Structure formats: structure tokens, C-alpha cells
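A short write-up of the structure that comes next.
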Amino acid sequence: MASRIKGITIDIGGDTSSLQKSLKAVDGQLKTTQNTLRDVNKLLKLDPSNVELLRQKQKALQDAIKATNERLEELKKVSKDSVSPEEWDAIQREIIDTEQRLGSLKSELKAFGSVAGQQIQAAGAKMEEFGGKVEDVGKKLQPLSTAATGIVAGLVGLGYNAVKCADELHTLSKQT
């Protein structure tokens with residue numbers, strides 16, 4: 001990361017300091033977030049539907065995007081006049097690299113939203129399947145007895161509501 005621009009001294013907001021020093025806190029936060037994200041991704045491979053892990057992944061991605069944005073802003077604060085041409089070129093390469101990382105993180109967060117949507121859709125499909133089975137049982141019980149009409153109606157209604165709930169979950173997943 002910043003090792004390519006190590007030792008560059010710049011003037012940021014009238015305060016002369018090392019760019020390496022100004023990025024140190026941001027890079028530390030970014031490294032911690034990337035480690036967390038790596039750990040969560042490993043665990044999600046074992047249990048992809050774990051809601052707590054999904055929440056942690058979303059938060060880690062958002063934190064990584066925030067820290068990368070902060071890093072990019074720090075790099076863009078450098079003025080061309082405050083550094084040598086070689087240092088300026090190194091900073092420009094660092095900006096390009098950081099922008100690419102930011103784009104990658106944003107893409108991963110967008111793809112993550114799709115994964116969450118797929119999980120909602122899968123839950124909806126299971127509810128729809130369950131609803132269809134309950135509805136079929138209700139239809140089979142219907143001719144048994146007029147005394148069972150209330151039970152049959154309840155079962156058919158339960159199946160209908162499960163299918164309707166699954167449709168609503170499917171609609172929600174498309175919006176995600």
C-alpha cells in the first residue's frame with residue numbers, strides 16, 4: 001500500500017508532515033477491517049445463511065469502503081507543488097490503486113446485497129413449497145367429512161397464506 005510512497009514529505013493544510021504518517025491511522029483501520037472481512041468470509045463458506053455473519057460482513061464491507069474513501073481523500077490532498085516529480089508520480093499511482101480497491105469493495109458490497117436477496121428468495125421458495133403441501137393436504141381432507149370443513153378451510157387458508165407470504169418475500173428479494 002503506502003510502502004511505494006514511503007518517506008515523502010508534503011504540506012497538508014499548512015502543516016508539514018509525512019504522508020506516511022497521515023495515512024498510518026487510516027491504513028491501520030483498513031487492515032483491521034480487511035482481516036475481519038477475511039474471517040467472516042471463511043465462516044460464511046461453512047454456514048452461508050448465518051444471519052449474524054451476514055450482518056458482520058455487511059458492516060465490514062461498509063467500514064472498508066469508508067476507510068478506503070478516507071485514504072483516497074488523504075492522498076488527493078497532496079499538491080503537486082509540494083513534492084518532487086518522482087514523488088508526485090508515486091502518489092498518483094497510489095491514488096489509482098486506492099480507487100481500484102474502492103471500486104472492488106463497492107462491487108463486493110453490491111454483490112453481497114444480491115446474496116442476501118438470494119437467501120430471502122430461497123426462504124420464500126421453501127415457504128411456497130410448504131404452503132403448496134399444506135394446501136394439497138387440505139384438499140385431500142376436504143371430502144372426508146362435513147364436520148371437518150372448518151379444519152379443511154383452515155388448512156387451505158394456511159396454505160394460501162404461506163404461498164402469499166412466499167410471493168411477498170420473493171418481491172422483497174427483487175428490491176434488494
Side-chain angles (χ1 to χ4, degrees), residues 1-128 165-176:
M1 275 193 236
S3 62
R4 290 188 293 232
I5 55 176
K6 191 172 187 174
I8 295 175
T9 302
I10 58 168
D11 183 26
I12 299 178
D15 177 42
T16 303
S17 63
S18 164
L19 179 59
Q20 186 73 19
K21 191 174 185 179
S22 66
L23 292 175
K24 187 175 183 178
V26 175
D27 287 344
Q29 178 187 6
L30 190 55
K31 184 177 180 178
T32 301
T33 303
Q34 288 170 340
N35 287 338
T36 300
L37 191 55
R38 185 174 35 252
D39 291 344
V40 169
N41 282 332
K42 283 180 186 177
L43 291 172
L44 276 172
K45 286 180 183 178
L46 299 173
D47 186 7
S49 62
N50 186 305
V51 177
E52 178 60 24
L53 291 174
L54 292 172
R55 184 193 62 74
Q56 288 181 17
K57 179 175 181 174
Q58 184 175 23
K59 184 181 180 321
L61 283 170
Q62 291 168 340
D63 290 348
I65 289 171
K66 181 182 174 191
T68 305
N69 269 327
E70 290 174 12
R71 185 174 206 286
L72 187 59
E73 291 305 313
E74 287 295 319
L75 288 166
K76 287 183 175 181
K77 285 180 183 178
V78 178
S79 90
K80 189 174 184 174
D81 299 332
S82 64
V83 293
S84 72
E86 295 81 21
E87 293 170 335
W88 179 252
D89 289 343
I91 291 169
Q92 294 308 303
R93 287 190 300 272
E94 228 18 70
I95 288 173
I96 291 168
D97 181 58
T98 304
E99 287 173 338
Q100 289 172 346
R101 289 173 194 254
L102 183 61
S104 175
L105 286 168
K106 287 180 178 179
S107 295
E108 188 175 352
L109 182 61
K110 185 176 180 181
F112 172 77
S114 299
V115 170
Q118 289 174 4
Q119 290 184 332
I120 291 172
Q121 187 176 5
K126 287 180 182 177
M127 290 287 288
E128 189 173 345
C165 180
D167 288 340
E168 289 177 11
L169 282 171
H170 183 70
T171 302
L172 284 173
S173 71
K174 287 183 181 178
Q175 293 173 357
T176 303

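Residues take their numbers from the sequence shown, with the count starting at 1. All figures in this text were calculated on a predicted structure; none of them were measured in a lab.
- Residues passing the side-chain contact (heavy atoms from CB on, under 4.5 Å) test with Asp39: none are found, sequence neighbours excluded.
- Within the 4.5 Å cutoff, the side chain of Asn41 has heavy atoms near those of the Leu37 side chain.
- The CD atom of Gln58 sits 6.5 Å away from atom CG of Leu109, with the distance rounded to the nearest 0.5 Å.
- The distance from atom CD of Gln34 to atom CG of Asp63, rounded to the nearest 0.5 Å, is 11.5 Å.
- Across Val78 and Ser82, no two heavy atoms sit closer than the pair CG1-OG, 4.0 Å.
- Looking at Ser104, its side chain never comes within 3.5 Å of a backbone N or O of Gln100 through a donor-acceptor pair.
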Salt bridge (Lys or Arg N to Asp or Glu O under 4.0 Å), that's the test. Do Asp27 and Lys31 meet it? Break it down for me. CA-CA 6 Å; Asp27 287 344; Lys31 184 177 180 178; over 6 Å; no
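- Between Thr68 and Leu105, the shortest heavy-atom contact is OG1-CD1, 3.4 Å.
- Between Leu30 atom CG and Asn35 atom CG the span is 10.0 Å, to the nearest 0.5 Å.
- A salt bridge links Glu74 with Lys77: the distance from a Lys NZ or Arg NE/NH1/NH2 to an Asp or Glu carboxylate oxygen falls below 4.0 Å.
- Interatomic distance, Lys66 NZ to Gln29 CD, rounded to the nearest 0.5 Å: 6.5 Å.
- Pairing each heavy atom of Leu44 with each of Asn50, the nearest pair is CD2-O, 4.3 Å.
- Thr36 and Ala60 make their closest contact through CG2-CB, 4.4 Å (heavy atoms, listed as atom of the first residue, atom of the second, distance).
- The CD atom of Glu73 lies 11.0 Å from the OG1 atom of Thr98; values are rounded to the nearest 0.5 Å.
- In this structure, Glu52 pairs ionically with Arg55, as a charged nitrogen and a carboxylate oxygen lie closer than 4.0 Å.
- We find the CZ-CD1 distance between Arg93 and Ile95 to be 11.5 Å, quoted to the nearest 0.5 Å.
- Residues Val40 and Gln56 come closest through the heavy atom pair CG2-OE1, 3.7 Å.
- Partners of Ser107 according to the side-chain contact (heavy atoms from CB on, under 4.5 Å) rule, which considers only residues two or more places apart in sequence or in another chain, do not exist here.
- Under 4.0 Å is where a charged nitrogen must lie from a carboxylate oxygen, and between Asp97 and Arg101 at least one such pair does.
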